[in-house]
Amino acid sequence: MKVQVLVATMNQKDHTLLEKMNIQSDVIVGNQCDYNLVEEFEYCGHNAVYLNFAERGVGLNRNNSLMRAREDIVLFADDDVVYLNGYVDKILEKYQKHPTADVIIFNFLVSRNGGTVHEGVSKEKFLGKKGVSSFGTYSVSAKLDILRKNNIVFHQMFGGGAKYSHGEDSIFLKECVSKGLKVYACKDVIGSVHHNVSTWSRGLNDQYFMDSGALFACMYPKLSRGIAIYHALKHRRRYKEYGVIKSIKMMFSGIRGFNG
């Protein structure tokens, strides 16, 4: 088996990102910029492809790379990921140890607000629909042929640069579980990631909650309103300044907007 990293990024001017990320495998870099150019070259003995496209939307970006992937295991990434030496061996060893797993989620060291924490699972296990919603795409690896057999791609209406600003990772993982793929979460750390403020993030505002409502409508059509209320109450301390009742109203507005 071979591993291929699929990176979603923007406005890269050269190929130095590969060194910054410590890439040690084949890689496809989806670089959304202002021109169209496909580059293919050798990097440290591995095949590297840059898809430079004048377009926007992280779901579209990830799908462009996923369509062109050709190795056994794909590993999704953002441009703020730095992989540990030997990450390929760790990934392959875990798939060999759990041959029934179609998707394996790995842990990362996460830098946020000046500190670093170990983020991910503390107990290795297979996950159900409820357990997959809290993982970012950068922690996800998958068997390419299984994704293609089940026609699993990223929703292009969600995520940075799309109509709705977040949630493409949750939709992707939920679809994996819904279509019968076995998703395994492991404790192995394969890299670090720096969670600075997103290019697309505007904080807790009306649009954020409307987009959250749209996400709930997409993922749980029949339960979306109840989930919106539960979500607001669960995070009431975080949403206190914005207003818990107001957050519910805006999520309901997002639900109505998504449902047309």
Side-chain angles (χ1 to χ4, degrees), residues 1-32 43-46 48-50 58-59 61-62 65-66 69 71 73-95 97-98 101 103-125 127 131-142 154 159-161 166-170 172-173 183-201 203:
M1 290 194 295
K2 290 187 68 175
V3 171
Q4 190 169 35
V5 178
L6 309 182
V7 185
T9 186
M10 294 181 65
N11 299 319
Q12 298 295 318
K13 305 301 183 184
D14 51 36
H15 303 145
T16 56
L17 180 63
L18 303 182
E19 182 178 0
K20 292 176 183 176
M21 294 181 64
N22 195 29
I23 295 295
Q24 300 175 3
S25 62
D26 286 3
V27 60
I28 298 178
V29 177
N31 180 36
Q32 292 188 332
Y43 175 76
C44 295
H46 304 289
V49 178
Y50 265 62
V58 69
N61 197 348
R62 295 199 194 280
S65 296
L66 188 55
E71 301 302 346
I73 306 297
V74 290
L75 176 63
F76 299 104
D78 296 322
D79 57 15
D80 53 0
V81 165
V82 178
Y83 290 110
L84 298 177
N85 290 333
Y87 70 89
V88 173
D89 290 337
K90 281 190 176 183
I91 293 169
L92 295 180
E93 286 171 7
K94 193 58 65 171
Y95 274 97
K97 185 176 179 180
H98 300 282
V103 175
I104 296 182
I105 295 171
F106 289 90
N107 281 356
F108 277 77
L109 297 174
V110 180
S111 297
R112 186 188 290 112
N113 299 325
T116 301
V117 297
H118 183 284
E119 189 166 291
V121 298
S122 56
K123 182 179 180 181
E124 298 201 357
K125 57 184 176 180
L127 302 174
V132 298
S133 61
S134 60
F135 296 99
T137 312
Y138 66 85
S139 64
V140 177
S141 69
F154 287 88
H166 59 275
E168 82 286 352
D169 41 11
S170 298
F172 179 86
L173 286 170
V183 179
Y184 187 79
C186 74
K187 297 189 294 184
D188 292 42
V189 176
I190 63 170
S192 61
V193 61
H194 299 277
H195 277 176
N196 298 319
V197 177
S198 167
T199 304
W200 309 104
S201 175

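Since the structure is predicted, the reported quantities are computational estimates derived from the model, not experimental observations.
Note that CG of Leu6 is 11.5 Å distant from OG1 of Thr137, once rounded to the nearest 0.5 Å. A distance of 7.5 Å separates NZ in Lys94 from CD1 in Ile104, rounded to the nearest 0.5 Å. Of the inter-residue distances, the one linking Ile23 atom CD1 with Leu75 atom CG reads 8.0 Å to the nearest 0.5 angstrom. Taken from SG in Cys186 to CG in Asn107, the straight-line distance is 6.5 Å, to the nearest 0.5 Å.
Using a 4.5 Å heavy-atom cutoff, the side chains of Leu18 and Tyr50 are in contact. Taking the side chain as every heavy atom from C-beta outward, Tyr95 and Ile73 approach each other to under 4.5 Å. A heavy-atom distance below 4.5 Å is not found between the side chains of Val7 and Val81. Within the 4.5 Å cutoff, the side chain of Leu173 has heavy atoms near those of the Phe135 side chain. Ile105 has its side chain within reach of Leu127: a pair of non-hydrogen atoms, C-beta onward, lies under 4.5 Å apart. The closest side-chain heavy-atom distance from Gln24 to Asn85 is below 4.5 Å. The side-chain heavy atoms of Leu84 and Val189, taken from C-beta on, include a pair separated by under 4.5 Å.
For the salt bridge (Lys or Arg N to Asp or Glu O under 4.0 Å) condition, the pairs that include at least one residue of residues 5-28, sequence neighbours left out, are Lys2-Asp26.
Across every non-hydrogen atom of Asp78 and Met21, the tightest pair is O-CE, 3.5 Å. Shortest non-hydrogen contact noted between His194 and Ser111 is ND1-CB, 3.3 Å. Taking every heavy atom of both residues into account, Asn61 and Asn31 meet most closely at OD1-N, 4.3 Å. The nearest pair of heavy atoms linking Glu168 to Phe154 is O-CD2, 4.0 Å. Considering all non-hydrogen atoms of both residues, Glu71 and Val3 come closest at CB-C, 4.4 Å. Shortest non-hydrogen contact noted between Gly136 and Asp169 is CA-OD2, 3.7 Å.
Between Lys97 and Glu124, none of the side-chain N atoms (NZ, or NE/NH1/NH2) sits under 4.0 Å from a carboxylate O, so this pair counts as no salt bridge.
Ring pair Phe108/Tyr138 is perpendicular by interplanar angle, where above 60° counts as perpendicular and below 30° as parallel.
Remark: His46 engages no residue in a ring-ring contact (aromatic ring centres under 6.0 Å, His included) (not counting sequence neighbours). With sequence neighbours left out, the side-chain hydrogen bond (donor to acceptor under 3.5 Å, both in side chains) criterion links Glu93 to no other residue.
When ring centroids are compared, Tyr87 and Phe106 stay outside the 6.0 Å threshold.
Side-chain polar atoms of Ser25 and Tyr83 form no donor-acceptor pair below 3.5 angstrom.
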